[in-house]
Amino acid sequence: MTTEDVSRLSDEELATLAEIVSEESKKRERESARFAKGLKARAMKRDPRCPECAAKLWRDGKRKDGVQTYVCPVCGTPKSHTFAESFKKTSKWS
């Protein structure tokens with residue numbers, strides 16, 4: 001659509017077009033945010049960080065139920081893979 005086409009529109013048509021463009025813009029922002037959130041979640045799973053000091057966690061074996069455990073090399077606190085799920089929702093790092 002060119003500038004000439006837009007100038008030929010009535011006020012009602014222009015308002016409708018502006019509303020459609022605004023809705024499409026919001027939709028694209030939501031999709032972009034969802035994509036970015038997915039990337040962060042995958043990165044967190046690949047590269048878990050300590051919630052206290054943000055250091056990269058080291059693997060420390062598995063629990064009896066098969067859940068991966070981690071230990072922080074800086075502060076020494078033990079973590080399990082399940083901590084990452086709640087950590088992603090509340091952390092300032094995610």
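Both backbone and side-chain heavy atoms feed into the values below; hydrogens, waters and symmetry mates do not. Note that the coordinates shown come from a computational prediction; the quantities given were computed from them, not determined experimentally.
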Tell me which donor-acceptor pairs under 3.5 Å the side chains of residues 3-15 have, and how far apart each pair is, sequence neighbours excluded?
residue	atom	partner	partner atom	Å
Asp5	OD2	Thr2	N	3.4
Asp5	OD2	Thr2	OG1	3.2
Ser7	OG	Thr3	O	3.4
Ser7	OG	Glu4	O	2.7
Ser10	OG	Glu13	N	3.3
Ser10	OG	Glu13	OE1	3.4
Glu13	OE1	Ser10	N	3.0

Q. Do the non-hydrogen side-chain atoms of Lys62 and Val67 ever get within less than 4.5 Å of each other?
A.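 No, side chains not in contact.
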* Side-chain contact, heavy-atom cut-off 4.5 Å: Pro78 with Asp60? ->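 Pro78 vs Asp60: side chains apart.
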Q | For Lys56, salt bridge (charged side-chain N to carboxylate O under 4.0 Å, His left out) partners two or more places apart | A |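 Residues passing salt bridge (charged side-chain N to carboxylate O under 4.0 Å, His left out) with Lys56: Asp47.
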Output side-chain donor-acceptor pairs under 3.5 Å for residues 21-30, partner residues at least two apart or in another chain, one line each.
residue	atom	partner	partner atom	Å
Glu24	OE2	Arg28	NE	3.0

Running the 4.5 Å side-chain criterion over Ile, Leu, Val, Met, Phe, Trp and Tyr, what cluster does Val71 land in, apart from itself?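 The other cluster members (ILVMFWY side chains, heavy atoms under 4.5 Å, direct or chained) are Trp58.
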Exercise. Counting only N and O atoms by type, is there a donor-acceptor contact under 3.5 Å from the side chain of Thr77 to the main-chain atoms of Cys72?
Worked result: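 Side chain of Thr77 to backbone of Cys72, a donor-acceptor pair under 3.5 Å: no, none is there.
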Q: Enter the distance from Leu57:CG to Cys75:SG here, rounded to the nearest 0.5 Å.
A: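 Answer for the CG-SG pair, Leu57 versus Cys75, is 8.0 Å.
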Sequence neighbours excluded, the answer for side-chain hydrogen bond (donor to acceptor under 3.5 Å, both in side chains) partners of Thr16 is none
